Amino acid sequence: MPELPEVETVRRGLQPVMEGARLVSVEQNRADLRFPFPERFAERLTGRRIEALGRRAKYLTIHLEGGLAIISHLGMSGSYRIELDDGTHAPGAFHHDRSKNTLHDHLVMNVEREGGGRARIIYNDPRRFGFMALAEPGELDSHPMLKGLGVEPTGNALSGELLASLFAGKQAPLKAALLDQRLIAGLGNIYVCEALWRAGLSATRKAATIATPAGRKTARADALAFAVRDVIADAIAAGGSSLRDHIQTDGTLGYFQHSFSVYDREGAPCPRPGCGGTVERIVQSGRSTFFCPRCQT
DNA sequence: ATCATGACCTGTTAGC
DNA sequence: TGCTAACAGGTCATGA
């Protein structure tokens, strides 16, 4: 599920229940996800108040009183859901609102909410590619999981100039460069495919070809920087993409999947007006790339 | 250093 | 219907 827009959607869904709440107890149901949980993880959380929820790239950050912070990555299949003490799901609960699948509930945070009442925040992750870490007070930005991350594709930071300088000299395919979290942090397979389509650029072209040899921007760099920021902003506004969970009762599931131009649309006509091409699928470094061979060059 | 590939895990779906 | 293979939103370790 989770690229940057999905993680941001999770953050916004958890925020009204978690911020200001106190962790009454934490149930950790196994020793590891992709990596072992930190030492004494549940004990260190218990009793603390949650001050804020943040996000860096695809990482959710949970800031606790005293400065300790949980760093949570959802991998491919991680999700959070909220259960209120009356047994219902909270508005804003994200994903997997079906009664089955508690098998992979790996962490349960029981909280006393700020305005009173209790809630359970449950982390579920069938494939266990997700992971959690703890950052000591003042060490969040320098934590090994976050410190090497590149620029956020939100806001104005990602300009054509910056993109050109980041990609200058790179022989890797444009797609691989866009997926490199050390350069731009937060893009994944869906939004890279969509951004390349919006920019009219081929995923297989060498990354360096959007810059001059000196690392100056070209029209391609401007188009790609804009496309990346644009598709991420659109996806966040739509609440992210939900590929598998179309059953929904409380209305907070993402709907950006209905706006895909090429992702998972092999054989469909290219939606660009007047193009007339057909979406194709190729494999690059083991991952599907969806693109229009006619208008992406 | 840079780049490509396989590995990690479970669940769902397409195809025979 | 039942089995098998392919594939899935990500990252890390390895080897060329």
Side-chain angles (χ1 to χ4, degrees), chain A residues 1-11 29-36 55-60 71-80 94-96 98 100-106 123-133 143-150 153 166-195 203-208 231-232 235-236 238-247 253-260 262-267 281-290:
Chain A
M1 177 197 81
E3 301 179 35
L4 187 157
E6 289 73 37
V7 178
E8 177 61 21
T9 300
V10 170
R11 190 189 72 77
N29 295 325
R30 54 179 297 131
D32 55 70
L33 297 172
R34 176 165 185 180
F35 306 119
R55 180 193 57 74
R56 173 73 171 103
K58 303 175 192 175
Y59 293 86
L60 181 71
I71 303 172
S72 169
H73 195 293
L74 304 183
M76 291 279 264
S77 59
S79 64
Y80 281 93
F94 192 79
H95 238 174
H96 288 161
R98 288 171 284 181
K100 65 168 187 173
N101 200 17
T102 59
L103 175 63
H104 300 293
D105 289 350
H106 304 309
Y123 179 71
N124 182 289
D125 188 354
R127 294 176 75 178
R128 301 200 303 277
F129 286 171
F131 44 92
M132 295 196 194
H143 191 280
M145 274 165 184
L146 304 187
K147 73 174 181 217
L149 293 171
L166 289 172
F167 287 8
K170 291 228 168 292
Q171 298 305 298
L174 199 44
K175 182 182 184 189
L178 288 167
L179 285 170
D180 188 339
Q181 304 295 300
R182 298 167 302 180
L183 303 176
I184 304 169
L187 302 182
N189 207 33
I190 292 175
Y191 299 112
V192 165
C193 291
E194 293 295 310
T204 58
R205 114 190 339 270
K206 288 187 196 311
V231 75
I232 291 296
I236 290 173
S241 305
S242 308
L243 265 50
R244 258 163 205 79
D245 300 282
H246 290 274
I247 301 169
L253 212 50
Y255 52 86
F256 190 75
Q257 65 276 12
H258 303 304
S259 301
F260 289 167
V262 288
Y263 184 83
D264 203 21
R265 293 178 54 80
E266 183 180 16
R281 171 183 174 272
I282 59 171
V283 174
Q284 288 180 284
S285 50
R287 316 289 304 279
S288 291
T289 297
F290 298 92

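We name chains A, B, ... by the order of the sequence lines, and we start the count at 1 in each one. Source: prediction; values computed, not measured.
Using the six-membered ring where Trp is involved, A/Tyr123 and A/His106 have ring planes that are tilted, between 30° and 60° apart. Between A/Tyr191 and A/Phe256, the angle of the ring planes lies from 30° to 60°, which puts this pair in the tilted group.
The side chain of A/Ser288 places an N or O atom within less than 4.0 Å of a non-bridging phosphate oxygen (OP1 or OP2) of C/dA8. Proximity of A/His104 to the phosphate of B/dG11: a side-chain N or O atom is located under 4.0 Å from OP1 or OP2.
Under the Watson-Crick or G-U wobble criterion, with both distances below 3.5 Å, C/dT11 is paired with B/dA7.
Put simply, the side chain of A/Ile232 reaches to within 4.5 Å of the side chain of A/Leu4, judged on heavy atoms.
A straight line from CG of A/Asp125 to P of C/dG9 spans 15 Å, rounded to a whole angstrom. Between A/Phe290 atom CZ and C/dC7 atom P there is a gap of 10 Å when expressed in whole angstrom units. Taking atom CG on A/Asp105 and atom P on B/dT10, their separation rounds to 15 Å, with Å as the unit. Separating the CZ atom of A/Arg128 from the C1' atom of B/dA7 is a distance of 14 Å, rounded to the nearest angstrom.
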Subject >> From CA spacing to verdict: side-chain hydrogen bond (donor to acceptor under 3.5 Å, both in side chains), A/Tyr263, A/Ser288 >> reply: CA-CA 9 Å; A/Tyr263 184 83; A/Ser288 291; over 6 Å; no
**OP:** Start with the C-alpha gap between A/Ser79 and A/Asn124, add the side-chain angles, then the distance that decides, and say whether side-chain hydrogen bond (donor to acceptor under 3.5 Å, both in side chains) holds.
**Re:** CA-CA 5 Å; A/Ser79 64; A/Asn124 182 289; 4.5 Å; no
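Listed nucleotides: C/dG10, B/dT10, B/dT5. Nearest to the side chain of A/Ser285: B/dT5. Minimum atom distance to the side chain of A/Arg127 is reached by B/dC9, of the listed B/dC3, C/dG9, B/dC9.
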**OP:** Produce a footprint string for nucleotides 11-16 of chain C: one letter per nucleotide, 5' end first; B if the base is under 4.0 Å from any protein heavy atom, S if only the sugar-phosphate is, - if neither.
**Re:** BS----
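Note on A/Arg281: only backbone sugar-phosphate atoms sit closer than 4.0 angstrom, heavy atoms only; bases stay farther off.
In this structure, A/Phe35 CZ and A/Met145 CE are separated by 5.5 Å, a value rounded to the nearest 0.5 Å.
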